Student: 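This is the structure I have questions about; it appears just below.
Computed from a predicted model, the values in this text were never measured in an experiment.
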Amino acid sequence: MVTKSELSKVRNIGFIAHIDAGKTTVTERVLFFSGRTYKIGEVHEGTAVMDWMAQERERGITITAAATKCDWQDHTVNIIDTPGHVDFTAEVERSLRVLDGGVVVFDAVAGVQPQSETVWRQAERYSVPRICFINKMDRVGADFNRTIEMVRQRLNGRPIPVQFPIGSEESYTGVVDLIDLKAWIFERDGQGSMKESEIPQELNDQVSKVRDEMIERIAESDDELLERYLSGDEISSEELKVGLRRATVSNKAVPVLCGSALQSLGIQLLLDAVLDYLPSPLDVPAVQGTHPQSGETIERNADSAEAFSALAFKIVTDPYVGRLVYFRVYSGSIKAGSSVYNSSKGVRERLGRVVLMHANRREEIEEVGAGEIAAAVGLKNTFTGETICDERNPVMLEAISFAEPVISVAIEPKTRAEQDKLTDALIKLAEEDPTFQVRYDDETGQTIMSGMGELHLEILVDRMRREFSVEAAVGRPQVAYREAITKPAHSEGRFVRQSGGHGQYGHCVIDLEPGEEGSGFVFDDKIRGGAIPREFIPAVRKGAEEALASGIIGGYQVLDVKVSLVDGTFHPVDSSEMAFRIAGSMAIKEALRKAGSILLEPLMELQVITPGQYLGDVLADLSSRRGKIRTMEGEGDTQVVDAEVPLISMFGYATDLRSATQGRANYSMQFSRYHEAPSSTVEAVARSA
């Protein structure tokens, strides 16, 4: 457990970025230079410490967020290395929810890429202070200034460069520290060696100009420095650092550094910047929650003397110790073997062993305190996004929201004997991953698993085979369509059963109308004069919700509707909650038939990066897939195409793109929105329903 003075020397950070920007490579260097590892792990060789899963090492991508810690200049840095692929964006979401700061890694050649925008928005949503590291400065086409301009334009960020590169591409040899006005020259020995030097004379004018802009921007974002700047006072390096730290912590500025992680250039300076500019648990506002019973707002400070509260943010099935629950402690402290209260479920649990994680290795500890991230063995009923706390001082912290799955496949075991093993594996994987959902389809008798993309489901099936020894057959991917209505409808539902003794009677009249996009399900109780007793109205709402979960075109969920309960009748003896629930469901089904139901298909944001000579082929292929080109940008011989494409037409796209461009193009894709499907798709769905 750490004291308050020690807590000021703790940094909880995550590395976030688009796939292939170099997050894991940066993390590996951080661990090496801080002395946490004795040898640099390489992603391309499959030896990265943080990419410990077999699938990660084979594919050279990060799939699951891995936690570790290291020490740098008498500070403790807790690190989470997150995936960059959009299929695993839930890992970024839950990591940012519990972190105090983030290092956003950009590829100096590609600049801001689609997933860069996604992780930036996630960081904005949780108000996570950031610093930027522009990586791969030694690659052909690297452009420091262009990347900063893209952060400003595309992300609406407020970047403030604190370094200026000395050269670029092959001639990238070092950086100028704009705050302390000194140069660091890198020696390309693979060990990150560098020496302090005078600023090259030919850069003096540029450095002077860029430094003046930096001081102006820091002053603009810090009231204490603005007055002094306007009155022409000299601002010292230390004051600039303090001012920039205040601006970063309050999300008014983003310091920018650069380097090349693969060549181990600039990593020590990045670590210094993490300590200088990113917040400790004491610098971020007190976490807010609500009382589980009264609903009143409660604040908890990062203080080990306060009542214990923590948020579970990740579940992992460990082959050696069983179920591991990762949690972030916001206040108080807890010892191994203590009882904790799950305020989200209202149950008491025993927290068995407490461990600190270093990727997939564990280090047992006796106690964990405010501001720390650890994992627990023994919490059987605690899931992602739930709060554990002191039962005498309960609090419920804000849960974590995740995107809905967009793709589904049917799965069945290769042999009947493996059915139970498959069920067990699916339950455990769904516990770990909130964007992975499993359901049983009564009509077809199939088990349906849903996820964020083809790669997501492919990895999960591979994990079932390796970790749970389950061989499974997987059907063709199915798209998660939705339904909507186009016009208002009025209907009634009447449920009457008489079979001796008490019968069943429920009758309700409803108005159904389209809602605003993104409004979800809205229920309006307009009953006056006791036409339906108050105790039956929640049952009507429940019945309406159940009916809207499967529309009339293909049995898909109906989005964005408003249901108004306007009238009804009841029987003093025969009416029951069940009767009104069924009546509510009947009324909705009737209304859907009148309300002009339409099918909605998921559209994906697609970015293709291709050599110019293949641009025509790429555009023709996208056109055949009903893609709409939004923008095209050229940078040298490289063309970047942004398009919106229906998900149904994107299955197998990776293979087609590789063959059309001789493997030289790559793409990234993420969910954009739901849009009305064409009649051909509606007919195909109706036939298969």
Student: Flag the pair M449 / V461 as yes when at least one side-chain heavy-atom distance between them is below 4.5 Å, and no otherwise.
Tutor: yes

Student: Taking side chain as C-beta onward, heavy atoms only, is L324 less than 4.5 Å from V355?
Tutor: yes

Student: When you look at V558 and I588, which way does the side-chain contact (heavy atoms from CB on, under 4.5 Å) test go after all the steps?
Tutor: CA-CA 11 Å; V558 184; I588 290 294; over 6 Å; no

Student: Considering only heavy atoms from C-beta outward, does the side chain of Q113 approach that of D20 to under 4.5 Å?
Tutor: no

Student: Can K69 and E363 be counted as an ion pair, charged N to O under 4.0 angstrom?
Tutor: no

Student: State, yes or no, whether a side-chain contact exists between W120 and V112 at a heavy-atom distance under 4.5 Å.
Tutor: no

Student: Does the side chain of I365 come within less than 4.5 Å of E372's, by heavy atoms?
Tutor: no

Student: Kindly give the heavy-atom pair with the smallest separation between R625 and F651, and that separation in Å.
Tutor: NH1-O, 4.2 Å

Student: Of all heavy-atom pairs between P292 and M396, which one has the smallest distance, and what is that distance?
Tutor: CD-N, 4.4 Å

Student: Please tell me if the side chains of E546 and R581 come closer than 4.5 Å, counting only heavy atoms from C-beta onward.
Tutor: yes

Student: Thinking salt bridges, do R323 and E431 make one under a 4.0 Å N-O criterion?
Tutor: yes

Student: Give a yes or no on whether the backbone of Q607 and the side-chain of D642 come within a donor-acceptor separation of less than 3.5 Å.
Tutor: no

Student: Measuring from E418:CD to T423:OG1, what's the distance to the nearest 0.5 Å?
Tutor: 11.0 Å

Student: Okay, side chain of N135, backbone of A261: is any donor-acceptor separation there less than 3.5 Å?
Tutor: yes

Student: Under the side chain to side chain contact (heavy atoms under 4.5 Å, CB included) test against F15, which residue among T25, V104, I79 passes?
Tutor: I79

Student: Quick check on the 6.0 Å ring-centre criterion: do F671 and Y674 meet it?
Tutor: yes

Student: Can you tell me how far CZ of R94 sits from CD1 of I315, rounded to the nearest 0.5 angstrom?
Tutor: 8.0 Å

Student: Within the 4.5 Å heavy-atom criterion, are T384 and F402 side-chain neighbours or not?
Tutor: yes

Student: Tell me, with the steps shown, if V641 and L606 meet side-chain contact (heavy atoms from CB on, under 4.5 Å).
Tutor: CA-CA 8 Å; V641 180; L606 175 76; over 6 Å; no

Student: Answer yes or no: does atom NZ of K542 have more than 12 heavy-atom neighbours from other residues, nucleotides or ligands under 6.0 Å?
Tutor: no

Student: Answer yes or no: is there a donor N or O on one side and an acceptor on the other, between the side chain of E601 and the main chain of P646, under 3.5 Å?
Tutor: no

Student: Determine, stepwise, if the pair V26 / V103 fulfils side-chain contact (heavy atoms from CB on, under 4.5 Å).
Tutor: CA-CA 10 Å; V26 172; V103 177; 5.7 Å; no

Student: In Å and rounded to the nearest 0.5 Å, what is the CD1 to CZ distance from I400 to R97?
Tutor: 6.0 Å

Student: Strictly below 4.0 Å, N to O, side chains only: are R465 and D462 in salt-bridge contact?
Tutor: yes

Student: Is a donor on one side and an acceptor on the other found under 3.5 Å between the side chain of K421 and the backbone of S469?
Tutor: yes

Student: Where is the tightest heavy-atom contact between L599 and V685, given as atom of each residue plus distance?
Tutor: CD2-CG2, 3.7 Å

Student: Quick one: CD1 on I598 to OG on S679, what's the gap to the nearest 0.5 Å?
Tutor: 13.0 Å

Student: Is any side-chain heavy atom of R125 less than 4.5 Å from a side-chain heavy atom of L96?
Tutor: no

Student: Any luck finding a side-chain donor-acceptor pair between N342 and E349 under 3.5 Å?
Tutor: no

Student: Would you compute the distance between atom CG of L426 and atom CZ of F468 and round it to the nearest 0.5 angstrom?
Tutor: 9.0 Å

Student: So, is the end of the R328 side chain (NZ or CZ) under 6.0 Å from the ring centre of Y326 and within 45° of the ring's axis?
Tutor: no

Student: For L600 and A484, work out which heavy atoms get closest and say how close.
Tutor: CD1-CB, 3.7 Å

Student: With rounding to the nearest 0.5 angstrom, report the CD to CZ distance, E644 to R630.
Tutor: 5.0 Å

Student: Give a yes or no on whether the backbone of C389 and the side-chain of S309 come within a donor-acceptor separation of less than 3.5 Å.
Tutor: no

Student: Ignoring hydrogens, what is the shortest heavy-atom contact between T486 and P514? Give both atom names and the distance.
Tutor: C-CG, 3.7 Å

Student: Looking at every non-hydrogen atom in both residues, tell me the closest pair between A539 and E577 and how far apart they are.
Tutor: CB-O, 3.3 Å

Student: Could you walk me through whether F521 and R541 pass the side-chain contact (heavy atoms from CB on, under 4.5 Å) test, one step at a time?
Tutor: CA-CA 10 Å; F521 170 69; R541 178 191 175 120; 4.0 Å; yes

Student: Pairing donors with acceptors under 3.5 angstrom, does anything connect the side chains of Y126 and E93?
Tutor: yes

